[in-house]
Amino acid sequence: MPQITEAPYPPSAVPETPQCTPNPLKIIHVGCGAAGMLFAYKSRRWLKNYQLTIYEKNPTIGGTWYENRYPGCACDIPAHTYTFPFEPNPEWSGFYSYADEIQDYMLRTAKKWNVDEFTRFNTEVVAATWLGDEAMWEVELSHDGKISKEKCNVLVNGSGVVNKWKWPAVEGLHDFKGVLAHSAAWDTTIDWAGKKVAIIGSGSSSIQMVPPMAATAKHLTVFIRNCTYVGPVRSVMADNKEADPEAQDPAAAGLHKYTEKEKQRFREDPEYLLKYRKTIERGVNLGFPAFIRGTEYNEKSRKGMQYYMLEKLSSNPKLRDFFVPSWSPGCRRLSPGQGYLEALLQDNVNPCLDEIIKVTAGGVLTADGTEHEVDILACATGFATQFLPHFKITGTGGQVMQDQVTPNVYASVAAPGFPNYFIVNGPRGNWGQGCALATHDVQIDYIMQLCKKMQEDRIKWIEPKLRLTNQLNLYMDAWHKKNSIWAEDCRSWYKDNKPDGRIYIWPGSMMHHMKYMKRPRWEHYEIGYKDPSNYNAKNMWDFLGNGFIEAQINVDPEKLAPYVRNSDTPWNMD
């Protein structure tokens with residue numbers, strides 16, 4: 001074999017620092033919702049010699065739970081599941097929690113973690129460009145109408161795929177002279193009591209808005225375009241008789257509210273609360289077969305929910321026949337729907353299935369020629385789902401990510417051609433089952449491992465290999481076609497609202513995803529090393545340093561013999 005001749009490495013160039021002394025690393029994180037908060041917390045635990053700035057477009061943290069304040073807005077999974085996995089909340093008021101309560105949890109947690117130290121509010125990231133010669137990102141920022149630029153080694157996008165809300169594409173919408181509102185930018189001063197109201201939409205926002213608005217509106221018209229499942233509210237272990245024998249029966253109440261005695265037990269007995277949380281989470285994880293076509297769980301789930309809805313809507317055959325889907329529950333993400341079907345049958349509510357032709361100054365004109373006069377027009381049409389970043393991002397060779405026909409992302413966290421760019425729960429992430437916060441936790445740990453390796457091994461840039469990323473996404477396509485209910489004939493934002501669209505969900509359960517993300521597979525990455533700063537020859541082994549590790553230099557007794565132990569337990573050496 002041919003010999004490769006390298007320039008000598010003189011003794012004078014050997015560094016004086018211990019092995020893997022971390023190089024400085026500057027990180028910009030986009031967004032300070034749950035992902036940004038968790039990234040700030042994790043950075044303190046994982047990294048040294050780093051600088052982190054989180055840019056948030058809003059005036060405070062919270063993201064989804066700051067922006068969504070429409071009537072009835074709630075989380076679609078049990079409250080004790082919707083926490084950061086290591087940060088329980090004994091104060092939840094009920095088995096399901098509402099937006100204001102979740103935002104309060106976010107604010108309290110952010111204060112506890114001192115997230116504000118890293119965050120710059122009212123600042124939006126509008127573009128990012130990879131500077132290959134410098135191996136840095138140049139990030140364009142907008143603050144108070146002024147544009148500025150800042151460079152960083154690592155760019156992390158934690159802004160999510162449902163970040164930008166949209167008005168529905170309806171002719172004449174902004175000619176309406178009454179109160180025009182959107183669920184994702186709700187004006188909390190709106191009073192609908194005694195008014196004629198219309199809601200456009202039949203997704204999760206509409207399902208949650210209808211019951212409270214129907215309760216006091218003079219008349220409510222709900223324009224329904226798509227069928228969807230609205231099932232019974234079930235609460236795993238919600239009666240919790242061990243904590244409070246007098247707690248209300250969820251079978252009778254429909255939606256369990258925790259008593260003060262229950263919450264006191266949660267506060268005073270962390271191990272009991274942990275056991276309770278694990279029981280709920282186990283139920284979520286054991287339910288994954290419902291998302292696999294043809295399983296017994298899948299068939300029972302579909303037949304059970306169809307029967308429930310047919311019974312509920314039996315007095316309105318037209319609505320019943322339109323609204324009950326044939327595809328499996330979960331093909332579109334389920335929402336808590338307590339009181340929704342009942343509200344559609346109220347005397348003051350008109351579920352309208354006719355196509356909207358246009359909006360007039362005084363109401364909504366439908367295809368049957370009826371003009372529905374309303375005082376308030378509420379658009380529950382959600383977000384413009386963006387599987388590509390909401391800001392322009394330019395990678396190697398001038399390629400622009402937004403020019404991709406479909407996003408080519410590795411395991412929801414990184415993208416070929418865009419070095420040192422990482423994503424929290426990006427395309428092909430875990431959205432179909434369970435809580436996103438659990439997967440945020442493992443994904444951010446994954447990104448932290450990438451950042452730590454960059455620092456300690458003197459890595460200049462890192463990106464996933466294109467061929468392996470292509471193969472992974474083709475495997476995912478095949479898995480969904482063979483197995484998942486998400487491939488059925490429904491419209492869902494999981495598929496860019498196309499019945500036959502590409503499915504942007506991980507090919508497996510939440511736990512399957514989390515297991516894969518526990519550690520990076522370095523062989524899946526292209527890596528470029530830094531040249532030693534004190535010697536003009538290329539030698540990646542500069543990081544080996546002076547022959548010592550940090551614990552020896554600092555004389556840290558707890559870290560000087562980690563491999564000596566009583567049994568074969570895991571150990572690590574910093």
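One-based numbering along the sequence shown. These values consider heavy atoms only, across backbone and side chains, with no hydrogens, waters or symmetry-generated copies.
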**Student:** Relative to the ring of W165, is the ring of H182 parallel (under 30°), tilted (30 to 60°) or perpendicular (over 60°)?
**Tutor:** tilted

**Student:** May I ask you to check whether Q306 and Y229 show a side-chain donor-acceptor distance below 3.5 Å?
**Tutor:** yes

**Student:** Using distance alone, with no hydrogens and no angle criterion, decide if Y55 and E124 have a side-chain donor and acceptor under 3.5 Å apart.
**Tutor:** no

**Student:** What I want to find out is whether R267 reaches E260 closely enough, with some N-O distance under 4.0 Å, to be called a salt bridge.
**Tutor:** yes

**Student:** Verify side-chain contact (heavy atoms from CB on, under 4.5 Å) between Y307 and E311, making sure each step is shown before the conclusion.
**Tutor:** CA-CA 6 Å; Y307 177 80; E311 286 290 303; 3.7 Å; yes

**Student:** Judged by modelled atom types alone, do Q402 and H390 share a side-chain donor-acceptor pair under 3.5 Å?
**Tutor:** no

**Student:** Return the OG1 to CZ distance between T81 and R282, rounded to the nearest 0.5 Å.
**Tutor:** 11.5 Å

**Student:** Is there a side-chain contact between H440 and N425, using heavy atoms and a 4.5 Å cut-off?
**Tutor:** yes

**Student:** Should D496 and K498 count as an ion pair when the cut-off is N to O under 4.0 Å?
**Tutor:** yes

**Student:** Please confirm whether the backbone N or O of G203 pairs with a side-chain atom of S206, one donor and one acceptor, at under 3.5 Å?
**Tutor:** no

**Student:** So, for F118 and Y41, is the gap between ring centers shorter than 6.0 Å?
**Tutor:** no

**Student:** How about K392: does its NZ atom have over 12 heavy atoms from other parts shown lying under 6.0 Å from it?
**Tutor:** no

**Student:** Is a side-chain donor-acceptor pair under 3.5 Å present for D100 with Q103?
**Tutor:** no

**Student:** Should the pair E87-R108 be classified as a salt bridge under the 4.0 Å nitrogen-to-oxygen rule?
**Tutor:** no

**Student:** Run the salt bridge (Lys or Arg N to Asp or Glu O under 4.0 Å) check on K257 and E262 step by step: do they pass?
**Tutor:** CA-CA 10 Å; K257 298 296 181 183; E262 285 177 295; over 6 Å; no

**Student:** So for atom CD, which belongs to E355, do other residues, nucleotides or ligands contribute more than 12 heavy atoms lying within a distance under 6.0 Å?
**Tutor:** no

**Student:** Taking the six-membered ring for Trp, are the ring centroids of Y96 and H80 within less than 6.0 Å of each other?
**Tutor:** no

**Student:** Quick check: closest heavy atoms across N298 and S328, and the distance to 0.1 Å?
**Tutor:** ND2-OG, 3.1 Å

**Student:** Does any donor atom in the side chain of W506 or H512 lie under 3.5 Å from an acceptor atom in the other side chain?
**Tutor:** yes

**Student:** Any idea how W186 and W192 line up, ring-wise: parallel (<30°), tilted (30 to 60°), or perpendicular (>60°)?
**Tutor:** perpendicular

**Student:** Could you tell me the separation between the CD atom of Q338 and the CD1 atom of I207, rounded to the nearest 0.5 Å?
**Tutor:** 13.5 Å

**Student:** Mind checking whether Y494 and Y504 have ring centres under 6.0 Å apart?
**Tutor:** no

**Student:** Please lay out, stage by stage, how T221 and F223 fare under the test side-chain contact (heavy atoms from CB on, under 4.5 Å).
**Tutor:** CA-CA 6 Å; T221 302; F223 295 100; 3.7 Å; yes

**Student:** Verify the neighbour count for atom CD of E373: are there more than 12 heavy atoms of other residues, nucleotides or ligands below 6.0 Å?
**Tutor:** no

**Student:** Ring centroids only, cut at 6.0 angstrom: are F387 and W431 within range, meaning strictly under it?
**Tutor:** yes

**Student:** Would you please test V156 and I28 for side-chain contact (heavy atoms from CB on, under 4.5 Å) and show each step?
**Tutor:** CA-CA 6 Å; V156 182; I28 287 178; over 6 Å; no

**Student:** Could you tell me if the ring centre of W113 sits under 6.0 Å from that of F86?
**Tutor:** yes

**Student:** Could you go step by step and tell me if R428 and V409 meet the side-chain contact (heavy atoms from CB on, under 4.5 Å) rule?
**Tutor:** CA-CA 8 Å; R428 291 345 247 273; V409 173; over 6 Å; no

**Student:** Taking the side chain from K218 and the backbone from N348, do they hold a donor-acceptor pair closer than 3.5 Å?
**Tutor:** no

**Student:** Compute whether any side-chain donor of one residue and acceptor of the other, for Y98 and W65, lie under 3.5 angstrom apart.
**Tutor:** no

**Student:** Just checking, is any N or O donor in the side chain of W486 or S492 under 3.5 Å from an acceptor N or O on the other one?
**Tutor:** no

**Student:** Decide whether S159 and N157 meet the rule of one side-chain donor and one side-chain acceptor closer than 3.5 Å.
**Tutor:** yes

**Student:** State whether a side-chain donor-acceptor pair under 3.5 Å links T366 with H372.
**Tutor:** yes

**Student:** In terms of the angle between their ring planes, are H174 and W167 parallel, tilted or perpendicular, with boundaries placed at 30° and 60°?
**Tutor:** perpendicular

**Student:** Where the side chain of K195 meets the backbone of D191, is there a donor-acceptor pair that is under 3.5 Å apart?
**Tutor:** yes

**Student:** For the pair K312 and E342, find out whether any cationic side-chain nitrogen is under 4.0 Å from an anionic carboxylate oxygen.
**Tutor:** yes

**Student:** Verify whether one side chain among Q443 and S412 offers a donor that lies under 3.5 Å from an acceptor in the other.
**Tutor:** yes

**Student:** For residues E56 and T119, is any side-chain donor paired with an opposing acceptor at under 3.5 Å?
**Tutor:** no

**Student:** What I want to find out is whether R69 reaches D187 closely enough, with some N-O distance under 4.0 Å, to be called a salt bridge.
**Tutor:** no

**Student:** C435 and Y82: which non-hydrogen atoms are nearest, and at how many Å?
**Tutor:** SG-CD1, 3.7 Å

**Student:** Do F323 and V230 have side chains that approach each other closer than 4.5 Å (heavy atoms only, starting at C-beta)?
**Tutor:** yes

**Student:** Under the side chain to side chain donor-acceptor pair (under 3.5 Å) criterion, do T60 and N58 qualify, and how do the steps go?
**Tutor:** CA-CA 6 Å; T60 187; N58 291 318; over 6 Å; no

**Student:** Would you sort out whether S202 and R225 count as a side chain to side chain donor-acceptor pair (under 3.5 Å), showing the intermediate values?
**Tutor:** CA-CA 7 Å; S202 54; R225 184 179 66 173; over 6 Å; no

